[in-house]
Structures are given as C-alpha cells and as structure tokens.
Amino acid sequence: MLEKFLDRIAFESYEDLKANYKVHVPAGFNFAYDVVDEWARLDPAKNALLWCTDAGDRRMFTFRELSELSNRCANFFLRAGIRKGDRVMMMLKQRPETWISILALCKIGAVCIPATYQLTVKDIVYRCNLAKVRMILSVDDPELVGYITAARPECETLGAVAVVGDRVPADMLDLRAEIAASSSELPRIPNELTDPMLMYFSSGTTGMPKMILHDYTYPVGHIITAKYWQHCEDGKLHLTMSDSGWAKFGWGKIYGQWICGAVIVAYDNEKFNAHNTLELIQEIGVTTFCAPPTIFRFLIKEDIQKYDFSSIKHCCMAGEPLNPEVFYRFKELTGLTLTEAFGQSETPAIIGNFDGFPIKPGSTGKPSPDYDVDIVDENGNSCEDGVVGSIVIKNLSKHYPYGLFKGYQEDEEANRKAFRNDFYDTGDTAWRDSDGYYWFEGRSDDVIKCSGYRIGPFEVESALMTHPCVLECAVTAAPDPVRGQVVKATIVLAKGYTASDELIKELQTHVKHTTAPYKYPRIIEFVSELPKTFSGKIKRATIRHGDNNT
C-alpha cells in the first residue's frame, strides 16, 4: 500500500530520508475507499482492528468487515439526511463504531468532528453551534446522554442523535440497529483532495477551543508518523493509548497505521489503569506501542519488570516532552528505548527521533521529512544555535506539506497569528543545538521571565522528575513584586511521600544541584492532581490564572 504514495520506502540514513522522501496523493484520493476498501479487495481476510476491554472482550475485525460495515453506516447517514460537507460530532470512546463511522463519513464527504466523552452541557452547546453540527454520535453512558439531552434545545443546527449501546433513549436512534438495517452496497461518491474531511477542536490550553480543519490529504501526512517514527509493521499489532476524541487518535489509531497495513488495537477502557494496560500488552503481543508521557510516568512506578515486554519492538511517545529521567528509568526496567516526536492537532509528527541518528534524552529529535522546520525570533528571522525561538514550518508557498491543517475555521485573528511571513507558527518554542537536535521549551506563554532570565518550564520539570518523590509536576510563572515573575512548581507526590516544609527545601536544593541554580522553584505547591485538558495535557495556564487572581 505504501508504494501507492511513496517513490521510495527504504532509506539508508536520516539524511537520505530527509532529502529524498517524496509523497504524492492521487487525484480524488479518499482514505476509506483507497486504503480500507482496497485492503479488503486485495486480502479480504486481512486483520484490521482488534477491539479489547478490561472485562476481557476480544473481537477482531477484518478489512472486509470494516469495508462492508462502513458502507452500511454511510447509507444510514445518507438516509438520515447527512450530505457532503455536513458536520457530525462523535463521542464514541473506542467502540468499533468509532472506526466504522469515521470511514462512513469519509465515504460520503461529511466532516467528522471527534470529541471526548468528557464534554459537559456547555461544551456540547459551544461545539455544536460553532461548528454547525448536524448529528451527534454517542455512547450510551447515562451521564453523557443526559448532557446531550440538556444541550439539545440550545444546539441550533442539531438534528438526530444516534447512540451506541443497550440504553438508547426513545428520542434517539440506535446506531448499531441502523447500521445493521442498511444496505452494504454503496456506489463511490467522488471528492476533491481539498474537500473538508476532519475537524478537531483545539485542546483549549490558552483559550476557548478553535476549529482545526483538515482535508482529504491528511491521512497521507501520517505515513511519516506511522512508518518512520512509530515503525508500524504490516500485519502486526499497534497500540496507541488514546481516546477517540483526541487528535492523537488520528496520529496513532487509524490513518498512517492502516496505510502501513498494521492491526490497530482498540483498547476500550473506561479509565487508565497501569496494571490492566501492562496485562493487555503482555496477553495480545503488541509489536509497537505509543502513549503520552503521563502514562509512561505511571508505568515506571509499577512493578513493570514482572510483565513480558518481549513482543514490543518499538516504543514511542508524544503530547508533551519526555523527561530524561523517565527515558532512563523505562530503559532500565524494560530494555526499550523511548523515541519522542513533536506535533500538534494541526500537524503530523514534524520533529522526531527517527532512525539514522543517536537519541539525546530530553531532545525531541530532528525535523521530519517533507517539513521545512526552523526556529525563528519575534521578527521571523532564523535563530542561531542555542537561542530559544518559535518552532515554524517555512516556505509554504513553495511546498505546503501533506498533513498540515488548512486553517482555523471562522477565526481570522487566529489565522493571522499562525500564518505569517510564508510560514506556520506552531506557538511552541525550542532551541537547536550544533548537531541539529531540537530541544523543546514550551508554549510561548509558558516561558518564565525572572530577574532578566528566560526559563523554560520543561528543564525545571525534568530536574524535579529526577527526585523519587515526584510523580508529576508543572512549572509555571508566579507573580512577584520584586522579580516580576518567579518559578513555581506544582507537584503531585508519589506514593509513600508526605508534603512538608522539609520536603520543599529538599526539592529546591535538588533542583539547584541538577540544573542552573537560578532556575530553582521559589514556590512549591503540593496537589492531588494537575489540571489537564481532555487529551491529558497539563493546563499550565489554569495554574497561572489561579496565581494571578489570588
């Protein structure tokens, strides 16, 4: 399948990959028809999706089954009045209908809007009205269905609501029954590459969520992610830990992985549990594994050595920078090397630890093929090595890479800020060393300015993570009448540790000895949990806002 999109698949070095990786997309390409249906035609018995739950459920779906089921689902959508360009929001956790519905919407040209099942009434109303949502797909969770019912009168364009499960309200449709009752015959519905296909809402770390639009070329952009970073293998099991409402789902649980022919693991768990996750990996024999840093931080606190990791050939993480301490500890316990990548809901992996160069723990790696990445100052000029600046994708007028989003919908101010000087500004900062490695600093708003110093939160967090008492932490700027800002650390303690003034002093001394002394946290607050987005990213802005209003 990869040869349909790449002139070359194998490369001798990172430099060869960067210089000669060339991707092309056929006119009228549609992922559902041209990848999933094509796999079904070439090998009807080829495995595609393994659905698992903590209760012991296991169900394997072949590409042929998914092709037929997505045709049936597409016919249901058409019968319900959903047409090309209409927007459908789904909160389906990791039920098999998640993949079936995404493929069906792709086939008919409707826009899929993934959303987390953790949305409340105001979240649902906001998204429905901003995106002009025509239909909602939901699991039958009573609380979520109740929120949808309460939000429905305020959702101006919303029509039908379809529910998956045994508890379908009388005024909502039974999605499984509707799919089963629909025809499996579906004539191909043509589309243009530039048609809207997928819309994410941003995580909202710095304001109200924005609508991020991707077109029909987006899946091909994730060949980089799946093949050259995650190392997904044809016919082998790949597990990315992600709910279907996160952009990480698009990174790791559908597009690039199926282009590679991998079998995706749908781990439909209600709540993350380290023991259950490790048991599942051991039982089913996962080959490639990807998870956010938070999960690896919890895994290394478990008795991980009693589990069999021999099936895993490659482990990787993204979502936030990986602290070196987690990297070293995970390798010590499992023998596996964690590879990191940087990207956004707006992009695939644009910087990463690819094959062909040694990993520097704490570094995000080097730029992806097909992406002209640079670090620039506030005037758009390239920064010298060692100087912190904004991560940008350059020269968009010459080459607009596949996978890069098409803009923020109905938000011209956000577009003006993000697209300028012929580049896309990610809003994240980093510095580059003399070997070409990129070192992530944080969101532009996260950088701390204390007594004339610029301090990146990640380096302080990494220093704190080397102390055994720290399970998780977030470093932010707190207002100070003398210094303007000072470094504050908000910390979740590991089991067996108790907050005290003595522990605060111990941690401050530890940071002074681990990194430059001026970076130590003058304020330390212990909490039971950190504020996070639905996708698991730490909301440093929430901590800063609380400090600025006390």
Side-chain angles (χ1 to χ4, degrees), residues 11 13-21 224 228-229 316-318 320-325 327-328 337-344 347-396 398-399 401 404 418 420-463 475 487 511 514-519:
F11 299 90
S13 64
Y14 167 74
E15 290 74 21
D16 185 21
L17 173 69
K18 192 73 176 74
N20 298 304
Y21 177 88
I224 293 170
Y228 299 102
W229 176 56
C316 53
M317 55 71 50
E320 284 193 332
L322 181 70
N323 308 100
E325 174 63 17
F327 173 93
Y328 287 121
T337 299
L338 282 172
T339 61
E340 184 178 343
F342 166 78
Q344 302 175 312
T347 73
I350 64 172
I351 304 170
N353 283 301
F354 301 101
D355 287 348
F357 56 84
I359 291 175
K360 293 185 180 182
S363 166
T364 307
K366 296 184 180 183
S368 299
D370 208 39
Y371 278 79
D372 189 357
V373 179
D374 197 7
I375 296 175
V376 302
D377 62 22
E378 57 188 13
N379 297 315
N381 300 314
S382 294
C383 292
E384 297 290 333
D385 291 347
V387 176
V388 175
S390 297
I391 304 170
V392 301
I393 300 168
K394 301 195 305 183
N395 299 316
L396 298 184
K398 294 181 180 179
H399 175 63
L404 179 59
R420 52 194 174 85
N421 300 330
D422 199 29
F423 58 64
Y424 164 61
D425 187 338
T426 64
D428 289 292
T429 61
W431 58 277
R432 181 181 50 241
D433 68 19
S434 58
D435 295 322
Y437 289 76
Y438 282 61
W439 299 78
F440 187 82
E441 285 283 312
R443 293 294 297 176
S444 300
D445 294 338
D446 290 338
V447 176
I448 304 161
K449 305 173 185 68
C450 176
S451 300
Y453 293 107
R454 288 171 58 88
I455 302 169
F458 176 61
E459 55 190 328
V460 184
E461 291 169 359
S462 294
V475 168
V487 177
V511 173
T514 306
T515 186
Y518 69 86
K519 298 176 184 178

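In this chain, residues are counted from 1 in sequence order.
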Review item, side-chain donor-acceptor pairs of residues 353-364, under 3.5 Å, at least two apart:
residue: N353; atom: ND2; partner: S363; partner atom: O; Å: 3.4
residue: D355; atom: OD1; partner: H231; partner atom: NE2; Å: 3.4
residue: K360; atom: NZ; partner: D433; partner atom: OD2; Å: 2.9
residue: K360; atom: NZ; partner: D435; partner atom: OD2; Å: 2.8
residue: S363; atom: OG; partner: G365; partner atom: N; Å: 3.0
residue: S363; atom: OG; partner: Y438; partner atom: O; Å: 2.8

Item to check | Residue pairs fulfilling ring-ring contact (aromatic ring centres under 6.0 Å, His included) with at least one residue in residues 371-395, sequence neighbours excluded | outcome: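 Listed once each, the pairs would be none.
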
Next on the checklist: Quick one, R420 with D425, criterion side chain to side chain contact (heavy atoms under 4.5 Å, CB included). Give me CA distance, side-chain angles, the key distance, then yes/no.
Outcome noted: CA-CA 8 Å; R420 52 194 174 85; D425 187 338; 2.6 Å; yes

I need the minimum non-hydrogen distance between [X] and [Y], along with the two atoms involved.
X    : Y    : result
N379 : N421 : O-ND2, 4.2 Å
P457 : V475 : CB-O, 3.3 Å
T426 : Q344 : O-NE2, 2.8 Å
W431 : V387 : CB-O, 3.6 Å
A341 : A349 : CB-CB, 4.1 Å
P401 : L396 : CD-CD2, 4.0 Å

Next on the checklist: Going by the rule ring-ring contact (aromatic ring centres under 6.0 Å, His included), which residues pair with F423 if we only count those two or more places apart in sequence or in a different chain?
Outcome noted: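 Testing F423 for ring-ring contact (aromatic ring centres under 6.0 Å, His included), a comparison that skips the adjacent residues, returns none.
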
Any [X] side-chain heavy atom under 4.5 Å of [Y] side chain:
X    : Y    : answer
D428 : F440 : yes
P367 : K18  : yes
L17  : S368 : no

Checklist entry - What class does the angle between the rings of Y228 and Y21 fall in, given that below 30° is parallel, 30 to 60° is tilted and above 60° is perpendicular? => result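 If you compare the ring of Y228 with that of Y21, the planes turn out perpendicular.
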
Item to check | Exam field: side chain N395 to backbone K398, donor-acceptor pair closer than 3.5 Å | outcome: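 Flag not set: sc N395 to bb K398 has no pair under 3.5 Å.
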
Checklist entry - Does S13 reach the main-chain N or O of D16 with its side chain, forming a donor-acceptor pair under 3.5 Å? => result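 The answer is yes, because a donor-acceptor pair under 3.5 Å joins these two groups.
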
Checklist entry - Please walk me through it: do V460 and T515 pass side chain to side chain contact (heavy atoms under 4.5 Å, CB included)? => result CA-CA 8 Å; V460 184; T515 186; 5.5 Å; no

Next on the checklist: Show, in sequence, the C-alpha distance, side-chain angles and deciding distance for F327 and T337, and conclude whether the side chain to side chain contact (heavy atoms under 4.5 Å, CB included) test is met.
Outcome noted: CA-CA 7 Å; F327 173 93; T337 299; 3.8 Å; yes

Item to check | Derivation and outcome, side chain to side chain contact (heavy atoms under 4.5 Å, CB included), residues W229 and I224 | outcome: CA-CA 7 Å; W229 176 56; I224 293 170; 5.7 Å; no

Could you grab the distance from atom [atom1] of [X] to atom [atom2] of [Y], nearest 0.5 Å is fine?
X    : Y    : atom1 : atom2 : value
E15  : N20  : CD    : CG    : 11.0 Å
C383 : E378 : SG    : CD    : 9.5 Å
H399 : I393 : NE2   : CD1   : 10.0 Å

Next on the checklist: Under the side-chain contact (heavy atoms from CB on, under 4.5 Å) test against R432, which residue among I391, I351, I375 passes?
Outcome noted: I375

Item to check | S382 and D374: side chain donor to acceptor below 3.5 Å | outcome: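 Yes - a donor-acceptor pair under 3.5 Å links their side chains.
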
